[in-house]
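So the structure is just underneath, and the comments pick up after that.
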Amino acid sequence: MGLMDKLKAAAQAVTGGSARVTLEYQPPVVFPGDTIQVRVTATSTGAEVQSRGAFIDLRGQEWVHLTRSEALTDKDISTTKTTFETAMSIGGPFTLAPNETKTWEGTVQVPPSVQPSFTGIYARHQWEIRGRIESFGNDPDSGWQPLRVGLKG
């Protein structure tokens, strides 16, 4: 491996580009306490990838936005608060050979006491899910995908 190949491999590890990760999940709408069926697929983008495992990340975030006139100030007010965040393992340590693909399937549970998704006039609460493999540098992941959590009645 030449110097340029080593630099490229190092850059991919630092930026999370050492693997492509996808996430499939069902159902797209859940209720507190429900389980989600997940499938994470990771493919090496060329170099060997050492990983400490495959994970599902789940988070809830509340967003609030008020315009100047609504806030009775000279500036708009916007804020975000993470209301829930967890990482759940669905696969232990592994190695991806160059250009190899591996898949993990499992279930994750939405905790029973979480706040549902909602969109109001000034605020919204949204849920997101992603698949990720833990490795050196920036973890390759699927990107956050929307998940709707309904109100259990």
Side-chain angles (χ1 to χ4, degrees), residues 11-47 49-96 99-153:
Q12 285 182 329
V14 170
T15 62
S18 58
R20 280 188 313 281
V21 178
T22 61
L23 170 66
E24 299 170 65
Y25 64 95
Q26 284 294 327
V29 177
V30 294
F31 294 94
D34 285 356
T35 58
I36 305 167
Q37 299 292 323
V38 296
R39 178 184 303 149
V40 174
T41 303
T43 303
S44 164
T45 57
V49 178
Q50 296 285 328
S51 176
R52 293 181 292 275
F55 294 85
I56 296 295
D57 297 329
L58 182 64
R59 76 176 176 194
Q61 291 186 307
E62 190 163 337
W63 303 74
V64 176
H65 178 78
L66 298 169
T67 64
R68 285 178 253 185
S69 61
E70 293 163 339
L72 304 175
T73 65
D74 59 342
K75 296 180 184 176
D76 289 356
I77 297 174
S78 293
T79 189
T80 303
K81 172 77 174 166
T82 299
T83 59
F84 181 85
E85 190 167 28
T86 192
M88 295 161 267
S89 174
I90 62 164
F94 64 92
T95 300
L96 277 178
N99 301 308
E100 181 183 16
T101 297
K102 289 192 178 191
T103 300
W104 301 265
E105 294 185 11
T107 59
V108 296
Q109 183 178 20
V110 177
S113 60
V114 298
Q115 184 175 4
S117 305
F118 70 83
T119 300
I121 297 170
Y122 305 111
R124 74 180 188 273
H125 190 265
Q126 66 186 37
W127 284 90
E128 299 172 308
I129 188 171
R130 74 175 174 185
R132 168 178 61 85
I133 63 170
E134 199 170 271
S135 64
F136 171 76
N138 188 15
D139 294 345
D141 67 63
S142 64
W144 290 105
Q145 298 179 27
L147 175 69
R148 182 109 177 120
V149 177
L151 181 60
K152 200 163 196 169

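These numbers come from the heavy atoms of this one structure, side chains and all, not from hydrogens, waters or symmetry mates.
- With sequence neighbours left out, the ring pair (Phe, Tyr, Trp, His ring centres under 6.0 Å) criterion links Tyr25 to no other residue.
- Residue Thr83 comes nearest to Gln61 through the heavy atom pair OG1-N, 4.0 Å, listed as atom of the first residue, atom of the second, then distance.
- For residues 107-133, every residue pair satisfying the salt bridge (charged side-chain N to carboxylate O under 4.0 Å, His left out) rule, not counting sequence neighbours, is listed here: Asp57-Arg130, Asp57-Arg132, Arg59-Glu128, Arg130-Asp141, Arg132-Glu134, Arg132-Asp139.
- Of the options Thr101, Thr43, Val49, Thr45, a side-chain contact (heavy atoms from CB on, under 4.5 Å) to Leu96 is made by Val49 and by none of the others.
- Every residue two or more places apart in sequence or in another chain was checked for a side chain to side chain donor-acceptor pair (under 3.5 Å) with Ser117, and none qualifies.
- In this structure, the side chain to side chain contact (heavy atoms under 4.5 Å, CB included) partners of Ala54, at least two apart in sequence or on a different chain, are Ile90, Trp104, Ile133.
- In this structure Glu70 satisfies the side chain to side chain donor-acceptor pair (under 3.5 Å) test together with Thr67, sequence neighbours excluded.
- Counting all heavy atoms, side chain and backbone alike, Val64 lies closest to Ala123 at CG2-CB, 3.9 Å.
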Apply the test side chain to side chain contact (heavy atoms under 4.5 Å, CB included) to residues Ile56 and Val40: give CA-CA distance (whole Å), side-chain angles for both, the deciding distance (0.1 Å), then the verdict.
CA-CA 8 Å; Ile56 296 295; Val40 174; 3.5 Å; yes
Donor-acceptor list for residues 26-39 side chains, cut-off 3.5 Å, not counting sequence neighbours:
residue : atom : partner : partner atom : Å
Asp34   : OD2  : Phe31   : N            : 2.8
Arg39   : NE   : Glu105  : OE2          : 2.9
Arg39   : NH2  : Glu105  : OE2          : 3.3

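- For Trp127, the ring pair (Phe, Tyr, Trp, His ring centres under 6.0 Å) test picks out Phe84, His125, with sequence neighbours left out.
- Listed by chain and number, the residues in a side chain to side chain donor-acceptor pair (under 3.5 Å) with Thr41 are Thr103 (sequence neighbours excluded).
- At distances below 3.5 Å, at least one donor-acceptor pair connects side-chain atoms of Ser142 with backbone N or O atoms of Gly131.
- Applying the side-chain hydrogen bond (donor to acceptor under 3.5 Å, both in side chains) test to every pair with at least one member in residues 71-80, sequence neighbours left out, gives these pairs: His65-Ser78.
- Rounding to the nearest 0.5 Å gives a distance of 10.5 Å between CD of Gln126 and CD of Glu62.
- Residues Ile129 and Leu23 form a side-chain contact, since some pair of their non-hydrogen atoms from C-beta on lies under 4.5 Å apart.
- Residue pairs meeting the salt bridge (charged side-chain N to carboxylate O under 4.0 Å, His left out) criterion with at least one partner in residues 81-92, sequence neighbours excluded, are absent.
- The OG atom of Ser51 sits 13.5 Å away from the CZ atom of Phe136 when rounded to the nearest 0.5 Å.
- Across Pro140 and Ala19, no two heavy atoms sit closer than the pair CB-O, 3.5 Å.
- Going from atom CZ of Arg20 over to atom OG of Ser44 covers 8.5 Å, rounded to the nearest 0.5 Å.
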